[in-house]
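Excluded from the calculations below are hydrogen atoms, water molecules and symmetry mates; all remaining heavy atoms, backbone and side chain alike, are included. Protein chains get the first letters and strands the later ones, always in sequence-line order, with residue 1 at the start of each.
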There are 2 protein chains.
Amino acid sequence: MLTNSYQEQEKLILQLNEIYRQMSPKFERCTGISQSRLELLHKLMEVDEINQTELRHQVNIDSAAVTRHLKQLDEKGVVTRRKNPEDNRVTFVKLTEAGRKKIERYCKEKETFIKQVFKGISDQERAVLSDLLTRVESNVKDIEDEQPIE
Amino acid sequence: MLTNSYQEQEKLILQLNEIYRQMSPKFERCTGISQSRLELLHKLMEVDEINQTELRHQVNIDSAAVTRHLKQLDEKGVVTRRKNPEDNRVTFVKLTEAGRKKIERYCKEKETFIKQVFKGISDQERAVLSDLLTRVESNVKDIEDEQPIE
DNA sequence: CCTCAATGATTGATGGGTCAATGAATGGAT
DNA sequence: ATCCATTCATTGACCCATCAATCATTGAGG
């Protein structure tokens, strides 16, 4: 039945949102840091030094947000920034030693958190989930931005 | 292999976030209204009149957010509010006629949107997805809020 | 050399969310 | 009847995200 099928799809969307909305604040409380910020820092763990544009693309958040995060992290002594001497428009970002230490601890918390999220879900089921989410993600990417009503 | 399995789980979490972050703004542009606000209005479609606490529980967002949404929707003439004469603490909310008309149009847009999200995904696959998400959601709900680092 | 378009980073305005504090109304215990 | 805890709604302070505008720097073409 078409109606049923649609309502079920609607519910799925709600579920996706719900999971995100439940997970984000809990993640933050468990790990002591916001998800996007940890993502940012995680990237920085991998790369020694990186410029902000690159970082923005990797983490896929707005450059304004990147700037503001880094500014705060700089003030807290977690990262250092310096201009690229060969192009003064770009700024390089780098974790401090203290920063690295901290993040290792955050990542441990994150690991615990993630394990709980997938408790009782088998490898195979996660593979199925990953496949389905990938397809959903691709569909979302294809959606045209159209003119809103009015 | 444990490491692999963990990284895969990490990726799944990223995927969930990514989908939400991609979907929300697109949804908003396609339908012309934010997801949470439409959820709110959708509830109002079903119930004639409802008080804010009830609404908050149904939609599961903060009461401060509910208040602010309704205030704006009131100003736009989409909803009306009145005090419960039998208990002046609670306020009843109700869609106006104009509001209902508008929302019907929004819902049409939403339907188109949702169909695109699940394009190429069979009924059976959606059922599997629903089951997995439900279990993930339940796991998330069970996560204790612990003390953050530092 | 000088202009000008392009690029990277920043800032301001805005929207949406949370938590914590507050205000108003209620109802039960003494 | 009065006090007090509770409940609902609201407000203020804050965080985080986006978009659009701006600033500084660069490099290419006239």
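Taking atom CG on Asn88(B) and atom P on dT10(D), their separation rounds to 13 Å, with Å as the unit. Atom pair Arg21(A):CZ and dA17(D):C1' shows a separation of 16 Å (rounding to whole Å applied). When the P atom of dC8(D) is taken as reference, atom CZ of Arg56(B) falls 7 Å away, rounded to whole Å. One interatomic measurement links the two molecules: CG of Asp62(B) to P of dA9(D), which rounds to 13 Å at whole-angstrom precision. We find that CD of Glu54(B) is positioned 15 Å from C1' of dA9(D), with the value rounded to whole Å. Between Glu28(A) atom CD and dC16(D) atom P the separation is 6 Å, expressed in whole Å. Between the P atom of dC8(D) and the CG atom of Leu55(B) lies a distance of 13 Å, rounded to the nearest Å.
Looking at heavy-atom distances under 4.0 Å, Thr67(A) makes contact with a base. The residue Thr53(B) sits close only to the backbone: its heavy atoms come under 4.0 Å of sugar-phosphate atoms, none of a base.
Taking the side chain to side chain donor-acceptor pair (under 3.5 Å) definition, one finds that Asp62(A) meets it with nothing, sequence neighbours left out. Partners of Thr134(B) by side chain to side chain donor-acceptor pair (under 3.5 Å), not counting sequence neighbours, listed by chain and number: Gln15(A). Partners of Arg21(B) according to the side chain to side chain donor-acceptor pair (under 3.5 Å) rule, which considers only residues two or more places apart in sequence or in another chain, do not exist here. Every residue two or more places apart in sequence or in another chain that forms a side-chain contact (heavy atoms from CB on, under 4.5 Å) with Lys43(B) is listed here: Glu46(B), Leu55(B), Gln58(B), Val59(B). With sequence neighbours excluded, no residue forms a side chain to side chain donor-acceptor pair (under 3.5 Å) with Thr80(A).
Screening residues 20-77 of chain A for ring pair (Phe, Tyr, Trp, His ring centres under 6.0 Å) gives Tyr20(A)-Tyr20(B), Phe27(A)-Phe113(A) as the qualifying pairs, with residues at least two apart or on separate chains. Listed by first and then second residue, the salt bridge (charged side-chain N to carboxylate O under 4.0 Å, His left out) pairs that reach into residues 86-97 of chain A are Asp48(A)-Lys94(A), Asp87(A)-Arg89(A), sequence neighbours excluded.
For the OP1/OP2 pair of dC15(D) and a distance below 4.0 Å, the side-chain nitrogens and oxygens of His69(A) include no atom meeting the criterion. For the pair Ser36(A) and dA17(D), the criterion of a side-chain N or O lying under 4.0 Å from OP1 or OP2 is met. Between Lys71(B) and dT11(D) there is a side-chain N or O to OP1 or OP2 distance below 4.0 Å. Residue Thr91(B) has a polar side-chain atom (N or O) positioned under 4.0 Å from OP1 or OP2 of dA9(D).
Salt-bridge formation is detected for the pair Arg126(A)/Asp123(A): a Lys NZ or Arg NE/NH1/NH2 atom is positioned less than 4.0 Å from an Asp or Glu carboxylate oxygen. One finds a salt bridge joining Glu111(B) and Lys115(B) here, because a Lys/Arg side-chain nitrogen approaches an Asp/Glu carboxylate oxygen to under 4.0 Å.
Nucleotides of DNA chain D nearest to Val90(B) and Ala65(B) differ in position, and the one nearer the 5' end is that of Val90(B).
Although no hydrogens or angles enter the test, the distance criterion places a donor-acceptor pair under 3.5 Å between the side chain of Glu125(A) and the main chain of Ser122(A). A donor-acceptor distance shorter than 3.5 angstrom exists from the side chain of Thr96(A) to the backbone of Val78(A), with no hydrogens or angles considered.
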For nucleotides 12-14 of chain D, list the nitrogen or oxygen atoms of the protein found under 3.5 Å from its nitrogen or oxygen atoms, one pair per line.
unit_1, atom_1, unit_2, atom_2, d
dG12(D), N7, Arg68(B), NH2, 2.7
dG12(D), O6, Arg68(B), NH1, 3.4
dG12(D), O6, Arg68(B), NH2, 3.1

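Side-chain heavy-atom separations under 4.5 angstrom define the hydrophobic clusters, and the remaining members of the one that includes Phe92(B) are Val90(B).
Using a 4.0 Å cutoff on non-hydrogen atoms, the parts of residues 42-52 of chain A near DNA chain C are Gln52(A), ordered by number. Interface residues of residues 79-86 of chain A facing DNA chain C, ordered by number: Arg81(A); criterion, heavy-atom separation under 4.0 Å.
From the 5' end on, the contacts that DNA chain C makes with chain B at under 4.0 Å to a non-hydrogen atom open and close at dG16(C) to dT26(C).
For Gln22(A) against Val140(B), the heavy-atom pair with the smallest separation is CB-CG1, 3.8 Å.
When each of Ile103(B), Leu73(B), Val47(B) is tested with Leu95(B) by the rule side-chain contact (heavy atoms from CB on, under 4.5 Å), just one qualifies, namely Ile103(B).
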